[in-house]
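It should be emphasised that the depicted structure is a prediction, and the values quoted were computed from it without experimental measurement.
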Amino acid sequence: HVQLVESGGGLVQAWGSLRLSCVASVRTFSQYSMAWFRQAPRQGREFVAAISESGHNTLYADSVKGRFTISRDNAKNTVYLQMNGLKPEDSAVYYCSALQGPVSAVVTGTVNYWGQGTQVTVSS
């Protein structure tokens, strides 16, 4: 079993920045593709960004390309989401996820584990 713990959410003004972190409690972290999803009130969970096991390949939703950056540190069992140029429509609960499989599969929501989520609120 893999436990994922997110942190770094909060309240920020429009065009501000936040960095989310997700720590995984697993010895084989480097064997997992990792991703961030988000869910706003009364909306479904949507894909935000994903990163391959090695960190060499990344994927982004069109809505965040050029503003968000996903990265990972396998030595620290941690994946990050740097969010710049935040907009009110980015407000949501952000979830970390892990899949022991290709990063392309994570994009469709095929994951093995989810974190508990961290709230991001962007004020206009």
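- When side chains are defined from C-beta on, Arg19 does not count as touching Leu81, because their heavy atoms never get closer than 4.5 Å.
- Taking both residues in full, the closest heavy atoms of Tyr32 and Ala98 are given as CD2-CB, 3.9 Å, listed atom of the first, atom of the second, then distance.
- For Gln43 against Gln39, the heavy-atom pair with the smallest separation is O-NE2, 2.9 Å.
- There is a side-chain donor-acceptor pair under 3.5 Å between Gln116 and Glu6.
- The closest side-chain heavy-atom distance from Thr69 to Tyr60 is below 4.5 Å.
- Considering only heavy atoms from C-beta on, Ser33 comes within 4.5 Å of Glu53 through its side chain.
- The two atoms that bring Val2 and Ala24 nearest to each other are CG1-CB, 4.4 Å, heavy atoms only.
- Judged by distance alone, with hydrogens and angles left aside, the side-chain atoms of Ser97 form a donor-acceptor pair with the main-chain N or O of Ala35 at under 3.5 Å.
- The disulfide (SG to SG under 2.5 Å) pairs that include a residue from residues 35-68 number zero, where partners must be two or more places apart or lie in different chains.
- Heavy-atom minimum distance, Val12 versus Leu18: CG1-CD1, 4.0 Å.
- The closest donor-acceptor contact from the side chain of Ser91 to the backbone of Thr121 lies at 3.5 Å or more, if one exists at all.
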Dump the intermediate steps for side-chain contact (heavy atoms from CB on, under 4.5 Å) on Phe47 and Leu59, then the final yes or no.
CA-CA 10 Å; Phe47 167 75; Leu59 297 169; 4.1 Å; yes

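- Under the salt bridge (Lys or Arg N to Asp or Glu O under 4.0 Å) criterion, the residue pairs touching residues 89-116 are Arg38-Asp90, Arg67-Asp90, with sequence neighbours excluded.
- By the 4.5 Å heavy-atom criterion applied to side chains, Lys87 and Val122 are not counted as neighbours.
- Residues Leu4 and Val23 are not in side-chain contact: their nearest non-hydrogen atoms beyond the backbone lie 4.5 Å or more apart.
- Counting only residues at least two apart or on different chains, the salt bridge (Lys or Arg N to Asp or Glu O under 4.0 Å) pairs with a member in residues 54-63 are Asp62-Lys65.
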What's the verdict on side chain to side chain donor-acceptor pair (under 3.5 Å) for Asn84 and Ser17, showing C-alpha distance, side-chain angles and the deciding distance?
CA-CA 4 Å; Asn84 299 327; Ser17 298; 2.9 Å; yes

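- Under the ring pair (Phe, Tyr, Trp, His ring centres under 6.0 Å) criterion, the residue pairs touching residues 80-124 are His1-Tyr113, Phe37-Trp114, with sequence neighbours excluded.
- Considering OG of Ser21 and CG of Asp73, their distance stands at 10.5 Å, rounded to 0.5 Å.
- Looking at heavy atoms from C-beta onward, Phe29 lies in side-chain contact with Met34 at the 4.5 angstrom threshold.
- At least one side-chain heavy atom of Val79 sits under 4.5 Å from a side-chain heavy atom of Ile51.
- Judged by distance alone, the side chain of Asn112 and the main-chain N or O of Leu99 form no donor-acceptor pair under 3.5 Å.
- In this structure the side chain of Val111 reaches within 4.5 angstrom of the side chain of Val106, judged on heavy atoms.
- Residues satisfying the side-chain hydrogen bond (donor to acceptor under 3.5 Å, both in side chains) test with Asn74, not counting sequence neighbours, are Arg72.
- Residue Val103 comes nearest to Ala50 through the heavy atom pair CG2-CB, 3.5 Å, listed as atom of the first residue, atom of the second, then distance.
- Residues satisfying the side-chain hydrogen bond (donor to acceptor under 3.5 Å, both in side chains) test with Ser124, not counting sequence neighbours, are none.
- Taking OG of Ser25 as the start and CG of Asn77 as the end, the distance is 8.5 Å to the nearest 0.5 Å.
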